Amino acid sequence: MTAAPAAAGPAGLNLGQAIAQARALGLDRLDAQWLLGHLLQRPRSWLIAHDDAKLAADQAQGYAALCQRRADGEPLAYLVGESEFHGLALGVTPDVLIPRPDTETLVDWALALLTQDGQRAPRVLDLGTGSGAIALAVAYRHPSARVTATDISDAALTVARTNAERLGLTLDWRRGSWWQALPAHLEFDMVLSNPPYIAADDPHLPALRHEPLLALSPGGDGLGALRQIIAGAGAHLAPNAWLLLEHGWDQAEAVARMLQSAGLEQIATRPDIAGRLRCTSGRQRSAS
Ligand code: GLN
């Protein structure tokens, strides 16, 4: 019998052959290894050391199915159910946006301001938290902060709460659309948000079809959610409180103008890791 095991179907494949099949579907090596490691619950180093270990038939079938989904464009993070943000491992499902490294700019800026202000137990709010990425990174890195996080989606809040439990963090979770999630006069020392900001006709939107549209685009010119957040901020920003917003690469000027019209001061913009203007801040006046 000289037939190669692969000729008889997926059963009997060894790990090296399985990876080769994934590569033939167009997957890059790292994705192929991630998916196999996820399926077998083994680290990459183990896969590499056990190149000739055989897959059981159901494992081979499961792996082929995962690889096909990846080849069809499903993000790796959804297939393995996990993503990394600001050094934290976060669970993700298709109910939440996959956290982007660009958003670490917002978190780094927030952490620097919290340290600079030196306020004891600052009240921090993350509007539209999704997986909880921003809120959890701030809570983890600035343990004295009292962090509240909102989302309109129950499913997203479930993902975020589960992430908080895994990290041993306690946050105040609220469901609702932007400010409606909160009592009218609840004040914060810092408000953060990475709202949906992609314009309805943005040519990049179709490529993001696996992620929740609710988290990506408010429709129209893409500024609708940012407008709502800025319009309602006055009632919830304590004196000297910061409002830090992520936005599209071409929206910095519009956001700065809106912050100015809302009466905020110290308006500043920061680039993301690709050098695009990605976050803009404003500060509430001090109490006079
Ligand atoms: N930065 C994300 C992207 O361009 C979009 C996130 C968002 O709309 N808040 O893929």
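Because the structure is predicted, anything quoted here is derived from the model rather than measured. We count ligands from 1, going down the list as the structure has it; atoms in each ligand are counted the same way.
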Self-check item: Sub-4.0 Å heavy-atom approach of Leu208 to ligand 1
Solution: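 In this structure, Leu208 qualifies as a contact of ligand 1 - some heavy atom is under 4.0 Å.
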Side chain or backbone of [X] under 4.0 Å from ligand 1, or both, or neither, by non-hydrogen atoms?
{"X": "Thr103", "answer": "neither"}
{"X": "Ala215", "answer": "backbone"}
{"X": "Glu246", "answer": "side chain"}

Identity and distance of the protein heavy atom lying nearest [atom]:
{"atom": "atom 1 (N) of ligand 1", "value": "Tyr197 OH, 2.8 Å"}
{"atom": "atom 4 (O) of ligand 1", "value": "Ile198 CD1, 4.0 Å"}
{"atom": "atom 10 (O) of ligand 1", "value": "Arg100 NH2, 2.9 Å"}
{"atom": "atom 8 (O) of ligand 1", "value": "Leu216 O, 3.1 Å"}

Quiz item: Would you say the side chains of His247 and Asn194 form a donor-acceptor pair under 3.5 Å?
Solution: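 No - no donor-acceptor pair under 3.5 Å links their side chains.
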Quiz item: Could Arg174 and Asp172 be called an ion pair, given the rule that one side-chain N must be under 4.0 Å from one carboxylate O?
Solution: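 The answer is yes: the pair qualifies as a salt bridge.
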Quiz item: So, are Asp221 and Arg227 salt-bridged, with charged N and O less than 4.0 Å apart?
Solution: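 Looking at Arg227 together with Asp221, the answer is yes, because their closest N to O distance falls below 4.0 Å.
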Practice problem: Please could you name the atoms of ligand 1 that Pro195 approaches to less than 4.0 Å, counting only its heavy atoms? | Solution: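 Checking each atom against Pro195, I get 7 (C), 8 (O), 9 (N).
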Quiz item: In ligand 1, which numbered atoms sit nearer than 4.0 Å to a non-hydrogen atom of Asn194?
Solution: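 The list of qualifying atoms is 7 (C), 9 (N).
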Could you tell me whether the side chain of [X] and the main chain of [Y] form a donor-acceptor pair under 3.5 Å?
{"X": "Trp179", "Y": "Ile229", "result": "yes"}
{"X": "Ser217", "Y": "Ile198", "result": "yes"}
{"X": "Asp95", "Y": "Ala156", "result": "no"}
{"X": "Arg123", "Y": "Ala121", "result": "no"}

